[in-house]
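This report concerns only the one structure given below.
Just follow the structure's listing: the first ligand is 1, and inside any ligand the first atom is 1.
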Amino acid sequence: MLESDIPVFAIDGPSGSGKGTVSRILAKRLGWHYLDSGALYRLTAYEAEKQAVVLSDEAAVAKIAGSLDVHFSADNEGVFLAGENVNDAIRTEACGNRASKVASLPAVRDALLDWQRAFKKPPGLVADGRDMGSVVFPHAKVKVFLTASVEIRAERRYAQLKAKGIGGNLDAIFNDIRERDLRDSARSVAPMKPAKGAVLLDTDKLSIETVVEKLMNLLPDSTV
Ligand code: C5P
């Protein structure tokens, strides 16, 4: 299979839009690879904190991004940093907020670009993030931008954290999400916005299964 023929399903959208959950299901159903690009920004933020690197030191943070020793488990549920399972540690709201600060640094985005593109392997890739369809995979076969209201996203996030035993405060999560949306949409490099040609899907009133069905229907028959 030619590199250019490997299909990419780019799923972008804000935190809590459901993209992580549906992307994993979709990748499993299709038997494709999966890229959780947000995890790379979260891991960079996590490691920077561990090494006591200040986020304003762009070169030092970019160096961390470019040298992360990361391994994703085959079921995509575990993230290992230098052999340690950090999946829960990087999913906290605090780490998400730090990730969004790290993600506004151009040198960090540069350091992660080729690495993200290397996830594209046969038979295909489901890529989840903010700039999958716009910057990382501009030639993706299908591009989707999932949205949902801030209220619904905060409730989903709250339930997700509770289920993991991490806990959280709904009002604080609501404010965090709004702040993060603003930062992700306003940054000068790769701002969060629907890619050209992306299908917009509001998931407010849709179940996960319905979203997955709608996404599956976007794939041309020749791809599946
Ligand atoms: O998707 P997730 O919430 O894990 O992403 C964490 C943060 O990483 C986002 O708020 C965003 O700032 C950043 N991010 C990004 N580009 C991506 C994926 C995530 O800027 N492709």
Side-chain angles (χ1 to χ4, degrees), residues 8-24 27 34-49 55 58 61-62 64-65 68 70 72 76-79 81 86-120 125-138 140 143-148 150 153-154 156-158 160-161 164 166 168 173-195 198 203:
V8 175
F9 203 128
I11 304 183
D12 289 305
S15 166
S17 57
K19 67 192 162 51
T21 307
V22 296
S23 298
R24 281 183 179 82
Y34 169 61
L35 166 62
D36 173 4
S37 61
L40 304 181
Y41 292 95
R42 286 173 181 268
L43 288 161
T44 304
Y46 176 84
E47 188 60 23
E49 186 171 28
L55 301 188
E58 184 166 350
V61 182
I64 288 175
L68 289 171
V70 180
F72 291 93
N76 294 316
E77 301 294 341
V79 184
L81 189 59
V86 294
N87 195 50
D88 288 346
I90 64 164
R91 303 292 170 192
T92 62
E93 282 307 292
C95 193
N97 268 319
R98 286 173 61 81
S100 137
K101 288 180 187 153
V102 155
S104 66
L105 303 172
V108 169
R109 304 200 74 86
D110 257 8
L112 293 176
L113 191 58
D114 288 346
W115 190 17
Q116 293 176 84
R117 287 183 175 150
F119 277 75
K120 180 178 159 187
L125 174 70
V126 177
D128 142 16
R130 303 289 186 290
D131 61 344
M132 297 296 98
S134 56
V135 175
V136 183
F137 301 108
K143 299 179 186 182
V144 176
F145 194 85
L146 295 186
T147 56
V150 184
R153 290 191 281 132
R156 286 179 185 162
R157 195 84 187 133
Y158 178 72
Q160 219 174 38
L161 292 173
K164 282 188 176 154
I166 300 175
I173 293 173
F174 180 90
N175 289 330
D176 274 357
I177 285 184
R178 258 214 317 222
E179 195 185 312
R180 190 131 66 95
D181 276 0
L182 211 65
R183 191 163 42 230
D184 288 349
S185 321
R187 69 180 174 225
S188 55
V189 279
M192 173 175 72
K193 60 164 192 220
T203 69

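- Leu43 is listed as a side-chain neighbour of Val79, based on a closest heavy-atom distance under 4.5 Å.
- On a distance-only criterion, Gln116 and ligand 1 share no N/O pair closer than 3.5 Å.
- Checked by distance only, ligand 1 and Ser15 stay at 3.5 Å or farther apart across all their nitrogen or oxygen atoms.
- Side-chain N or O atoms of Arg130 include none that pairs as donor or acceptor with a backbone N or O of Asp12 at under 3.5 Å.
- Remark: distances from the non-hydrogen atoms of Lys101 to ligand 1 are all 4.0 Å or more.
- Side-chain contact of Thr92 with Arg42: a donor-acceptor pair under 3.5 Å is absent, judged by distance alone.
- Counting only heavy atoms of the protein, atom 18 (C) of ligand 1 lies nearest to Ser37 OG, 3.3 Å.
- If you check which protein heavy atom lies closest to atom 16 (N) of ligand 1, you get Arg109 NH2, 3.0 Å.
- Against a heavy-atom cut-off of under 4.0 Å, Lys19 is close to the following atoms of ligand 1: 1 (O).
- Using a 4.0 Å cut-off between heavy atoms, Met192 makes no contact with ligand 1 at all.
- The residues Arg91 and Asp36 are annotated as salt-bridged, a charged nitrogen and a carboxylate oxygen being separated by less than 4.0 angstrom.
- In summary, the atoms of ligand 1 found under 4.0 Å from a heavy atom of Asp184, numbered by their order in the structure, are 9 (C), 10 (O), 11 (C), 12 (O).
- A salt bridge links Asp131 with Arg109: the closest approach of a Lys/Arg side-chain nitrogen to an acidic carboxylate oxygen falls below 4.0 angstrom.
- Judged purely by atom type and a 3.5 angstrom limit, Asn87 uses its side chain to pair as donor or acceptor with the backbone of Glu77.
- Of the polar atoms of Arg42, at least one N or O is found under 3.5 Å from an N or O of ligand 1, judged by distance alone.
- The ligand atoms of ligand 1 that sit less than 4.0 angstrom from a heavy atom of Asp131 are 16 (N), 17 (C), 21 (N).
- Side chains of Ser37 and Trp115 form no contact here, defined as non-hydrogen atoms less than 4.5 Å apart.
- Counting only distance, with no hydrogens or angles, the side chain of Gln116 and the backbone of Leu35 share no donor-acceptor pair below 3.5 Å.
- Some N or O of Arg130 is nearer than 3.5 Å to an N or O of ligand 1, by distance alone.
- Looking only at protein heavy atoms, the nearest one to atom 13 (C) of ligand 1 is Ala103 CB, 3.6 Å.
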message: Does Arg156 form a side chain to side chain donor-acceptor pair (under 3.5 Å) with Thr203? I'd like the steps, not just the answer.
response: CA-CA 11 Å; Arg156 286 179 185 162; Thr203 69; 3.1 Å; yes
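- Under a 4.0 Å criterion applied to the non-hydrogen atoms of Gly129, ligand 1 contributes the atoms 18 (C), 21 (N).
- Counted by atom type alone, Arg180 and Ser100 present zero donor-acceptor pairs between their side chains at under 3.5 Å.
- The Arg180 neighbourhood of ligand 1 comprises atoms 3 (O), 6 (C), 7 (C), 9 (C), 10 (O), with distances under 4.0 Å to a heavy atom of that residue.
- Proximity of Glu179 to ligand 1, defined as any heavy-atom pair under 4.0 Å, is not found for any part of the residue.
- The protein atom (non-hydrogen) at minimum distance from atom 19 (C) of ligand 1 is Gly38 CA, 3.5 Å.
- You'll find the side chain of Met132 stays beyond 4.5 Å of the side chain of Phe9, heavy atoms only.
- Each of the following atoms of ligand 1 lies closer than 4.0 Å to a heavy atom of Met132: 21 (N).
- Below 3.5 Å of separation, one finds no N or O of Tyr41 facing any N or O of ligand 1.
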